[in-house]
There are 2 protein chains.
Amino acid sequence: MTTETRMTTETGERRRDVLAHLRTHRGHVIHVVDPFKIEVAEAVEKAGAVAEAGMPALLLASTDYEDFEAVMPAYVDAVRAVTGIPTILHFPPIPGRGFPVVEEADSVMLPALLGSDDPYYVWKSLLETYDLGNGSGSAQPLLSAALTFGRDDRSYARMGTRPVGQDEESVARYADCTRQFGFDLAYLYSRNERVNPRSCEIFRARMAPEQLLFVSGGVRSPEQVDAYLQAGADYVIFAGALETPDWRAALARLCSAQRLQRREPILL
Amino acid sequence: MTTETRMTTETGERRRDVLAHLRTHRGHVIHVVDPFKIEVAEAVEKAGAVAEAGMPALLLASTDYEDFEAVMPAYVDAVRAVTGIPTILHFPPIPGRGFPVVEEADSVMLPALLGSDDPYYVWKSLLETYDLGNGSGSAQPLLSAALTFGRDDRSYARMGTRPVGQDEESVARYADCTRQFGFDLAYLYSRNERVNPRSCEIFRARMAPEQLLFVSGGVRSPEQVDAYLQAGADYVIFAGALETPDWRAALARLCSAQRLQRREPILL
């Protein structure tokens with residue numbers, strides 16, 4: 001990565017502008033490491049490998065976590081010691097505490113679950129996070145419109161998330177909302193099924209050009225990556241695909257698609 | 001007012017819970033004083049009169065303001081010296097500064113302009129206000145879904161507000177959004193036309209019972225107040241109706257409707 005866009009925080013400290021970095025490196029896959037499942041030694045090895053393979057960032061994410069503030073600083077530091085690509089936290093919030101964040105990370109994703117039944121997960125968790133002062137620390141917040149497709153009892157039990165239908169009208173309505181609210185990105189996800197590439201097309205057509213489109217869930221093959229990138233996704237995200245002993249081979253296979261699809265940076 | 005619900009802030013200071021107070025005094029009119037148009041002596045006189053007439057709160061609001069921090073503390077203090085009813089600030093935000101607030105006020109309304117073209121006025125102004133620490137001061141924030149009906153060039157120029165159509169489908173869509181996001185209240189407004197009582201009915205039917213419905217714009221007669229209260233509005237707001245030399249007569253006339261309509265408190 002040659003881009004070294006930086007921005008000045010309120011305290012005068014200079015940090016990387018992860019959003020600008022992501023806007024200039026569209027058309028990639030990004031791997032997700034679960035720090036509460038993957039040992040730090042393995043995470044470090046993978047972080048080096050994915051950066052080498054050309055991924056422009058590393059996501060650190062989990063649905064469940066414990067002792068976040070105790071575990072994460074050393075974990076993030078270890079990962080950052082082997083690669084210059086930005087680390088992005090992506091964890092669910094906890095009522096009363098907001099989204100967890102550690103200053104060692106470059107960025108923190110703040111998902112608004114637009115399909116949730118619970119206002120806390122829809123947007124009040126973001127207000128709370130800013131209220132607690134965690135929206136203006138050294139980890140840059142990324143405002144994400146997060147949509148879950150397909151039946152997902154785990155997300156429903158945890159965060160009241162009702163699955164979004166993949167019919168044109170439902171998808172278009174959420175895409176319009178994503179644009180109107182000016183989210184930095186949309187994050188389309190399916191735990192048990194698949195995000196339809198047509199849903200990506202609808203989002204891409206209706207979002208503003210500077211808004212980023214992430215798609216995730218069950219990505220295992222270069223053909224899938226290719227289909228999502230063709231459909232307008234900026235980043236195709238996978239976790240489980242590299243949670244296997246032969247992850248190096250899987251990584252090489254999954255990265256083969258992005259090399260063909262990589263698009264020119266969009267200059268804003 | 002006999003209700004003296006209070007809540008404890010993070011700093012341990014006790015303040016009035018204005019939201020709980022408003023939930024237990026539904027079915028009233030509320031007057032708006034513009035501190036940047038009305039001399040403080042007149043505001044004080046009116047504040048005493050509206051409290052005497054049974055209004056459960058006083059709104060302090062203006063579309064334009066200058067030297068807010070210099071003007072408002074003394075103004076709010078003067079008003080509060082003559083009445084125990086809560087003072088609620090209702091002013092537009094300024095990019096980089098968020099919603100203006102002074103600790104002398106009991107509450108501050110934070111409107112999300114769901115019909116705006118500009119994400120700042122849709123919701124980012126609220127994030128900014130919390131980020132600046134102004135969401136957890138002694139003035140209690142009220143999260144408001146603010147909708148503007150009818151052509152309004154002034155609101156459009158100032159805050160990108162596109163008028164909402166008063167057809168059933170448009171109104172229902174915004175009412176559903178108000179419920180899903182868990183706003184404390186909906187604030188329906190028309191500067192140049194009128195909010196349709198049918199729009200109030202749709203909001204009331206679709207919002208959660210604890211959510212409050214405010215309606216405002218061109219209210220001049222007790223018949224209008226009556227129609228809005230009948231249609232499910234919890235509070236009917238007026239400003240201009242009392243901006244006349246014979247405002248005491250106008251006040252008596254406008255308060256005649258609420259005496260007939262006043263509903264029992266809804267216990268939650």
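Below, chain A is the first sequence line, B the second, and so on; all start at residue 1. Computed from a predicted structure; not experimentally measured.
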**Study point:** Which of B/C177, B/G133, B/A112, B/S116 touches chain A most, by non-hydrogen pairs under 4.5 Å
**Key:**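 Ranked by contacts with chain A, first place is B/S116.
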Review point. So which of B/T129, B/L127, B/D118 has the biggest tally of heavy-atom pairs under 4.5 Å with chain A?
Key: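 It is B/L127.
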Going by atom type alone, with no hydrogens or angles, which donor-acceptor pairs under 3.5 Å involve a side-chain atom of residues 85-105 of chain B and a protein atom two or more places apart or on another chain?
from  : atom 1 : to     : atom 2 : distance (Å)
B/T87 : OG1    : B/D106 : N      : 3.3
B/T87 : OG1    : B/D106 : OD2    : 3.0

Point to revise | Pairs touching residues 144-157 of chain A that satisfy salt bridge (Lys or Arg N to Asp or Glu O under 4.0 Å), sequence neighbours left out | key: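 Sorted result for residues 144-157 of chain A: A/D64-A/R154, A/R151-A/D153, A/D152-A/R191.
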Review point. Do B/Y235 and B/H25 have side chains that get closer than 4.5 Å, going by heavy atoms?
Key: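 Yes - at least one pair of side-chain heavy atoms lies under 4.5 Å apart.
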Exercise for review: Determine the interplanar angle of the B/F183 and B/F181 rings, folded into 0 to 90°, and report it as parallel if under 30°, tilted if 30 to 60°, perpendicular if over 60°.
Suggested key: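 B/F183 vs B/F181 ring planes: parallel.
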Check your understanding: Is it the side chain or the backbone of B/L114 that comes within 4.5 Å of chain A heavy atoms, both, or neither?
Key ->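 For B/L114, the contact with chain A is made by backbone and side chain together.
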